4 protein chains.
Amino acid sequence: MNSKIRLGILGGGSDSLIGVLHRIASAMYDKYQIVGGVFNPVWEENIGFAEKIGLSINRIYADFDTLIEEELKLPLNQRMQVVSILTPNFLHFPMAKKLLENGFHVICEKPMTTTFEEAVVLNSILKKAKTVFAVTYTYTGYPMIRQMREMIKNGELGTIQKVDAQYYQGWINPIIHNKEKRLTTWRLNPEKSGISCCIGDIGTHAFDMLEYISGLRIESVLADLNYLYPDNKMDIDGTVLLRCSNHVKGVICASQIATGEENNFIVKVYGDKAGLKWEQENPNYLYLMEDGKPLRVLKPGHTYNSKLSLDGTKLPPGHPEGIFDSMGNIYKGVAKAINKEPYDYGEFPTMIDGVRGMSFIEKVVESHQKGNIWVNIENVD
Amino acid sequence: MNSKIRLGILGGGSDSLIGVLHRIASAMYDKYQIVGGVFNPVWEENIGFAEKIGLSINRIYADFDTLIEEELKLPLNQRMQVVSILTPNFLHFPMAKKLLENGFHVICEKPMTTTFEEAVVLNSILKKAKTVFAVTYTYTGYPMIRQMREMIKNGELGTIQKVDAQYYQGWINPIIHNKEKRLTTWRLNPEKSGISCCIGDIGTHAFDMLEYISGLRIESVLADLNYLYPDNKMDIDGTVLLRCSNHVKGVICASQIATGEENNFIVKVYGDKAGLKWEQENPNYLYLMEDGKPLRVLKPGHTYNSKLSLDGTKLPPGHPEGIFDSMGNIYKGVAKAINKEPYDYGEFPTMIDGVRGMSFIEKVVESHQKGNIWVNIENVD
Amino acid sequence: MNSKIRLGILGGGSDSLIGVLHRIASAMYDKYQIVGGVFNPVWEENIGFAEKIGLSINRIYADFDTLIEEELKLPLNQRMQVVSILTPNFLHFPMAKKLLENGFHVICEKPMTTTFEEAVVLNSILKKAKTVFAVTYTYTGYPMIRQMREMIKNGELGTIQKVDAQYYQGWINPIIHNKEKRLTTWRLNPEKSGISCCIGDIGTHAFDMLEYISGLRIESVLADLNYLYPDNKMDIDGTVLLRCSNHVKGVICASQIATGEENNFIVKVYGDKAGLKWEQENPNYLYLMEDGKPLRVLKPGHTYNSKLSLDGTKLPPGHPEGIFDSMGNIYKGVAKAINKEPYDYGEFPTMIDGVRGMSFIEKVVESHQKGNIWVNIENVD
Amino acid sequence: MNSKIRLGILGGGSDSLIGVLHRIASAMYDKYQIVGGVFNPVWEENIGFAEKIGLSINRIYADFDTLIEEELKLPLNQRMQVVSILTPNFLHFPMAKKLLENGFHVICEKPMTTTFEEAVVLNSILKKAKTVFAVTYTYTGYPMIRQMREMIKNGELGTIQKVDAQYYQGWINPIIHNKEKRLTTWRLNPEKSGISCCIGDIGTHAFDMLEYISGLRIESVLADLNYLYPDNKMDIDGTVLLRCSNHVKGVICASQIATGEENNFIVKVYGDKAGLKWEQENPNYLYLMEDGKPLRVLKPGHTYNSKLSLDGTKLPPGHPEGIFDSMGNIYKGVAKAINKEPYDYGEFPTMIDGVRGMSFIEKVVESHQKGNIWVNIENVD
């Protein structure tokens, strides 16, 4: 008997990178079997892609509604258990909503929705549905990020007194200075991308990450965004002052016009006992700094790491794992939740992360538009 | 119709790390489907493992001979096409031999055999079999190693004048100083591990890598090995002077008693135009050094990379990929060969790499035993 | 005939680190001879220190006023030409004022004064005095900082679109959480240290550096400071949003409670053509980032560097120079100015840097106190 | 009274880099006063240089013999106490010899002599002279090298089981491939440079460093050198297998044709308790590796460092010091010895280091010429 979790996929066809990431992630711990989905709204491409990746086409559906309809006809032990939503952002909400309402578990790409309002609705639906819901803030799956979380939780930093995240990319630089490009790129089109580009896309990662590792709640924000050109409608750079629970202050610096930067996401947390620093582009190093002691560099797979961290490493120290492995760890956690095995709350980001992320985006934009004033993040539970 | 390549697995069950590596690698490009194999000589464990990883058990066989027998009964379009050999080293040769003689493609872990003699036999069998054969020198699949190879091939370093590889680990340190441990560890037992530990296990990686990236042939070696204790029968450290084709000199430094080192494999090639340096523990950086110019750091996924390198990257720059991805690239290359699609000779290490690696091990040990004299590597084609 | 510039020193005796730094810096290019000064208000220590460092004591004076009086009696070709002020901050202003009024050149430690008002007075005195005045923002003397300045000046980054400086230290962490320590440390005592600790001490370095390298003027600031304890009167951490000339936005993050950080000062400037990054703790690397090109790492001493940068390197590439060498370069520039040799405006920080630095400190504190609002930096010429 | 040590300088005039290094080093701890010397054999340049660096010319001598003659006429409390020899290599021996014979302390650049025979003579003269003699293996003055030595001495690495030094430069690459250049460069001319280029220039640094930090004696060597062209008479690259006291094995890899490398000197020592690694181009980091523990990075100036290390740091952690500071530490140690203050044997390299270094060069060349055989280093005490 095949005990794998039956996984459906929405989107991610053709040459989608996010599709590759999710498919490999789902395979990493032998826990999932992709049984079908809708890869593409065009039927020929949909089918063609399924064949290309070696899937039987009998559960490849013409569209999302058909998928729901047909899967519900199947007995529970054949039906898709979980569906991954990899479609354009505006489809996340309706798809997640209907999936939850029909009892499916959901793995949803970020941003979870296009508005905070939608996110709140989804949250309330989930409460009734009682299924598993994960939003894929991929970077939280790295073993050294998990280690950071656990060390902080265990008090190894003492009382936190400063949080800092930088997320710098340069990919919009070759676009923004060309009028035609900046007016036609979908990421800079509010109708397609929501109210924020830089904060929505990468600022939210920083926001979620800081909350994930520190255990703090970011309570209010004061932001200054940058659009560079008057005809550009979307922020492409911004700095956000933070006030967190326990009176901790912090900052998020985000940019997509940091020319030449690739995906330079750095997080730092300083407590009264020690500080920790991590850089996404070298994800297997965690820097522990203490007053007057040698810098220590922690690496994955060593027994000095926490259980949560070790659960996310597949090979011995010195064998670098990367972002696919990070996403694989999130899928592993979701699998445990679906299979009702014990798991740690830190194994995958949840609905609450998604909802708070949406509030963060809206409040940052509000702060900027109102003249760089403090605005509170909405609290949702 | 499922177009995936039908893959069988020998070994790699239970908590085998190499098993995880191969399974994930096979899944990375949607090219393979694991259809069966023999994971474990104990039937219950064999079956249990298959179920654990979600495989149908109808093609899980009691032993290797049964696998051959039963698979041959299947029509060609159902039969396993390729079999991965992940068993203990001494089984590589008989398994590979029989698989090749029966028309299967083979992916074989390194070291390919336990002696050079076996390797030569295997090579002659392959010539008749005309199937695909790969030996998994995993590190050659890294995108920046492929880039190194291509740049050298294209003359970007000019004429090579120096090659250097260092492979330092420390894992034997906690074993070697304890008499009981050093006499009972299988890696230090010649009956189980062949004639060499350090050179056999990691020195060969260095040897193969230098040939892979430089296009040179290492022609003779002068080695000094270290055993530390008189009752220890296996080398655990050694330095090998190299003389290569085109009168190039070089060195391989290998150690498993470099206390605290994890998997610190570094390769450097210097030509009269430029030098290149790569470090396995940070595999996404390739350092290009030129007289009087700024150091350049090349990274995966950029369009400045060669086709061969780009073929081995799945995500945009700044999203680190690791060793699973490297092995995935080797499986991808093998898939192309099996499917008779065009592929580059650099996409996976071949029988010749395996044979030369075996000669290297034997000649290094011979050089040491004869008092650190020059010994020629056997040439095989 | 001894052609060296006659240098006097105020302060820097006993075990003063800043004293060591200035003495060595003055010796680095064979341009200065220390002829006397006042090292310490206590006569025995003053004389004792002079002897310890091998100075003739005949021009060691009891106090600053005596120094002025006695030196003025000497003929011009024997009189001290330049005096370095290394005393506690509150003495900088009266000493610099009197020195300038009496025709001496001045090298003044930072912060130049304790208030912006004093700084303005000093500036107007200098205009009449027409002597050389340098304020020792030491880090601007590093060869790769000079290179950064020149590359930006020459348009190699294109139009600047983002500036970012981080200056993180952890040394106040072991002090701030202990009530007695935090109430008695002079750095946290406004009467001794002026209105700001973190911003005054290290934030100003970041401010001056960003202006130095970018050629921009920082026009207004919005700051959020952190004091951690209600009874602590001095900021020990803060983030400052920046608006600069040419509509460039930026940020300065400063902290002295970033536990375990040593002197982690990082500056980044991003233009539409390229970005540059530099880190003080590894000052011999300058990172040049361009869209879709390999990262380039520039190092001191190479002929690809600018004249200004090369003028600040004494040895060939690969021989690391450090902070003493950086200060030495500032002294070298001052020597040129005193000797009326041609020099570049970037060779040492001037009065205007000092004045603007004082305005920055005051406006940052004002912004924080008024509730994190934008406040303009005073313009002075 | 001026208590500084009276220092004379031989050579190092004009645009000599080594001259700058020694002058600044002598100034760093306020211990020396340069009183005269012979900077250049051409009188006008000699005098001109003295004036340029601000020296009184009354003790600038026409030549070395005159210096000896005239200085001996001076009373002991005015006479030069120590003389630094910075002249071309072949002059080191006669100058050092005569200086020692006349009771002067000597600081001598490396290589100490041009032959082992000369070195032995010098050693026997020193034994009678009983003055202070230092040979400036500059890199041994770095604080983290001193720390490495002390940690090993204190047993923190346990029993040493492997030593490894790499010293790679690329500066000969632009010379060697041009026939005219390689036949005219003085460094490649045996009459001017002795019997070895690469080993003599940088291999000796590696040799001395390994002995300095490990406390071991390198007893025999097996070397393979590289000359690249038949008409090139000097080694420009080589690898040396080592056998040391306590049965420790090791390797020195040296090259001056490692294209694009600057001054990449790396040393590693592995014991049964831990390993240590240091890189000259980032001299302020010392990497401590232990089985299964986080990597630790030690930095200068912290109280966790040894007394010997801390004695070589002038500023607090985070303020990078460099190679001038390293040489300054050697001068500081020599000053202590001259002043008969207590000092550690590790504060400066001595005659024995110089003698052993000469034996190393000769034995490495001998090993290569005799066909890569083991040759013993001469023992001298």
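Naming: A, B, ... by sequence-line order, numbering from 1 per chain. Here the structure is a predicted model, which means the values were calculated and not measured. The figures here come from the full heavy-atom set of this structure, side chains too, leaving out hydrogens, waters and symmetry mates.
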Using every non-hydrogen atom in the two residues, find where [X] and [Y] come nearest and quote the distance to one decimal.
X	Y	result
Ala254(D)	Lys162(B)	O-NZ, 4.3 Å
Gly271(D)	Thr259(B)	O-OG1, 2.5 Å
Asp291(D)	Gly170(B)	OD1-O, 3.9 Å

Under 4.5 Å from any heavy atom of chain D, what part of Ile236(B) do you find: side chain, backbone, both or neither?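 Neither; nothing under 4.5 Å.
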
Within the 4.5 Å heavy-atom criterion, are Asp224(D) and Arg243(B) side-chain neighbours or not?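 Counting from C-beta outward, Asp224(D) and Arg243(B) do come under 4.5 Å.
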
Heavy-atom side-chain contact between Leu222(B) and Leu241(D) under 4.5 Å: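 In contact.
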
For the pair Glu261(D) and Lys268(B), find out whether any cationic side-chain nitrogen is under 4.0 Å from an anionic carboxylate oxygen.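 No, this pair does not count.
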
State whether Lys249(D) and Asp237(B) are salt-bridged, where the test is any N-O pair (Lys NZ or Arg NE/NH1/NH2 against Asp/Glu carboxylate O) under 4.0 Å.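 No.
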
At a 4.5 Å cut-off on heavy atoms, which part of [X] comes close to chain B: side chain, backbone, both, or neither?
X	result
Ile257(D)	both
Trp374(D)	side chain
Gln166(D)	side chain
Ile172(D)	neither

Could you have a look at Asp272(D), Val251(D), Leu295(D), Thr239(D) and say which one has the most heavy-atom pairs with chain B under 4.5 angstrom?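 Greatest number of close heavy-atom pairs with chain B: Asp272(D).
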
Can you tell which of Ala258(D), Gly292(D), Gly275(D) has the highest number of heavy-atom pairs within less than 4.5 Å of chain B?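 Result: the option with the highest number of such pairs is Ala258(D).
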
side-chain contact (heavy atoms from CB on, under 4.5 Å) assessment of Lys277(D) paired with Asn264(B): CA-CA 13 Å; Lys277(D) 195 184 306 191; Asn264(B) 192 358; 3.2 Å; yes

If you apply the rule side-chain hydrogen bond (donor to acceptor under 3.5 Å, both in side chains), what do you find for Gln161(B) with Asn226(D), and how did you get there? CA-CA 9 Å; Gln161(B) 57 202 22; Asn226(D) 202 346; over 6 Å; no

Say whether Tyr168(D) and Asp164(B), considering side chains only, have a donor N or O and an acceptor N or O under 3.5 Å apart.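 Looking only at side-chain atoms, Asp164(B) and Tyr168(D) do form a donor-acceptor pair, the distance falling under 3.5 Å.
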
